[in-house]
Amino acid sequence: MQVLNADIEAQKNVAPFFKHRVLRAIVESLANSPDDDFEAWAKNKMVLTSLREAQRLLDDGHITEEEMENALLHHVAKDTQLVERRQGNVRYKRRHFTEALEHYSKAASMLEGLSGRAEEEQQEVDANLGSVYLNIAAVHLQQQYYGEAVKWCTKALKLNRSNDRALLRRAKAHMGRHNYQKAVIDLSMLLQQDPANLDAHTLMQSARAAEYAET
């Protein structure tokens, strides 16, 4: 629905926001979305209060339009990547690994586009990105693409070198490639951090046995 096709009350409610490019873009995107009831949205008190507060911040010079646009994009991307990850999880559980990978890859691309932000925001982005990288690695493990699994686990470890799941998952990928020495190294690091990790102990026994069998 176009804004001009809405009823008079809805038009009056959103009209003040058209003076700012970023707020106008929000209104127009919702007006043109086939999935939203624009008139209900334009009469929602909580929505209007949020837009008025955003307008006040812009009018008073507390934030620039570019800063607000970046903040909005940040929140939209975070919400969208969560949807993609959830869709990926559903496909993964159904063993539809190719489809799962598509969703996880989309989520990773969205998060990678959010780099260079304030430290606290960047930490949140990096934590989510590390989780998505491990989702991708899990798919490759299931598909027995062990080299790819190693690569994505390594990317996760670059964001957090003490990531237990990344170390365990990369060790499994090393085992798949018969690179038992590297698996032992990753598992040793993991057990230093988490001595009670039963999965790591079990895999370490297998890695040691395989390494011994090769000598």
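- Between Tyr104 and Asn89, the closest heavy-atom pair is OH-OD1, 2.6 Å.
- Checked against side chain to side chain donor-acceptor pair (under 3.5 Å), Lys19 has the following partners two or more places apart in sequence or in another chain: Asp59.
- Put simply, NZ on Lys43 and CG on Leu48 are 11.0 Å apart, with the number rounded to the nearest 0.5 Å.
- Closest approach of Ala207 to Leu187, counting heavy atoms only: CB-CD1, 4.4 Å.
- Counting heavy-atom neighbours within 6.0 Å of Glu66 CD, excluding the residue itself, gives a total of 12 or less.
- By the 30° and 60° cut-offs, the orientation of the rings of His140 relative to Trp152 is parallel.
- With values rounded to the nearest 0.5 angstrom, Leu58 atom CG is found 6.5 Å from Ile63 atom CD1.
- A distance of 10.5 Å separates CE of Met175 from CE of Met204, quoted to the nearest 0.5 Å.
- Hydrophobic clustering (ILVMFWY, side-chain heavy atoms < 4.5 Å, transitive): Phe18 and Val22 are in one cluster.
- Residues Val90 and Val139 do not share a hydrophobic cluster, defined by chaining ILVMFWY side chains whose heavy atoms lie under 4.5 Å apart.
- Tracing side-chain contacts under 4.5 Å through hydrophobic residues (I, L, V, M, F, W, Y), one never reaches Leu129 starting from Leu167; they form parts of separate clusters.
- A salt bridge links Glu53 with Arg56: the distance from a Lys NZ or Arg NE/NH1/NH2 to an Asp or Glu carboxylate oxygen falls below 4.0 Å.
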Please step through salt bridge (Lys or Arg N to Asp or Glu O under 4.0 Å) for the pair Lys12 and Glu9, ending with a clear verdict. CA-CA 5 Å; Lys12 286 183 176 179; Glu9 182 185 354; over 6 Å; no

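- More than 12 heavy atoms of other residues, nucleotides or ligands sit less than 6.0 Å from atom CD of Gln193.
- Of the possible donor and acceptor atoms, none in the side chain of Glu211 sits under 3.5 Å from a partner among the backbone N and O of Tyr180.
- Nearest heavy atom pair, residue Arg169 against residue Cys153, reads CB-SG, 3.6 Å.
- Distance check, rounded to the nearest 0.5 Å: CG of Leu168 to CG of Asn197 gives 6.0 Å.
- Side chain of Asn128 to backbone of Glu124: a donor-acceptor contact under 3.5 angstrom is found.
- Side-chain atoms of His201 come within 3.5 Å of backbone atoms of Pro195 as a donor-acceptor pair (strictly under, hydrogens ignored).
- With rounding to the nearest 0.5 Å, the separation of CG in Leu101 from CD in Gln142 is 12.5 Å.
- Across all non-hydrogen atoms, the minimal contact from Ala171 to Ala183 is O-CB, 3.7 Å.
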Can Met68 and Leu23 be said to form a side-chain contact (heavy atoms from CB on, under 4.5 Å), step by step? CA-CA 9 Å; Met68 182 166 285; Leu23 299 182; 4.1 Å; yes

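- Between Asp126 and Asn160 there is no side-chain heavy-atom pair separated by less than 4.5 Å.
- Applying the side chain to side chain donor-acceptor pair (under 3.5 Å) criterion to Glu102, with sequence neighbours excluded, gives no partner residue.
- Within a 6.0 Å radius of OH in Tyr145, other residues, nucleotides and ligands contribute 12 heavy atoms or fewer.
- Put simply, the residue from Gln87, Glu84, Arg85, Arg86 that forms a side chain to side chain donor-acceptor pair (under 3.5 Å) with His103 is Glu84.
- If you take CG on Leu203 and NE2 on His174, they are separated by 11.0 Å, rounding to the nearest 0.5 Å.
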Distance-only check: which donor-acceptor pairs under 3.5 Å involve side-chain atoms of residues 130-138, not counting sequence neighbours?
{"from": "Ser131", "atom 1": "OG", "to": "Ala127", "atom 2": "O", "distance (Å)": "3.2"}
{"from": "Tyr133", "atom 1": "OH", "to": "Glu112", "atom 2": "OE2", "distance (Å)": "2.6"}

Please evaluate residues Phe97 and Arg95 with respect to the criterion side-chain contact (heavy atoms from CB on, under 4.5 Å), reporting the C-alpha separation (whole Å), side-chain torsions for both, the decisive distance (0.1 Å), and the verdict. CA-CA 5 Å; Phe97 298 124; Arg95 302 187 66 80; 3.8 Å; yes

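- Of the N and O atoms on the side chains of Glu65 and His20, at least one donor lies less than 3.5 Å from an acceptor on the other residue.
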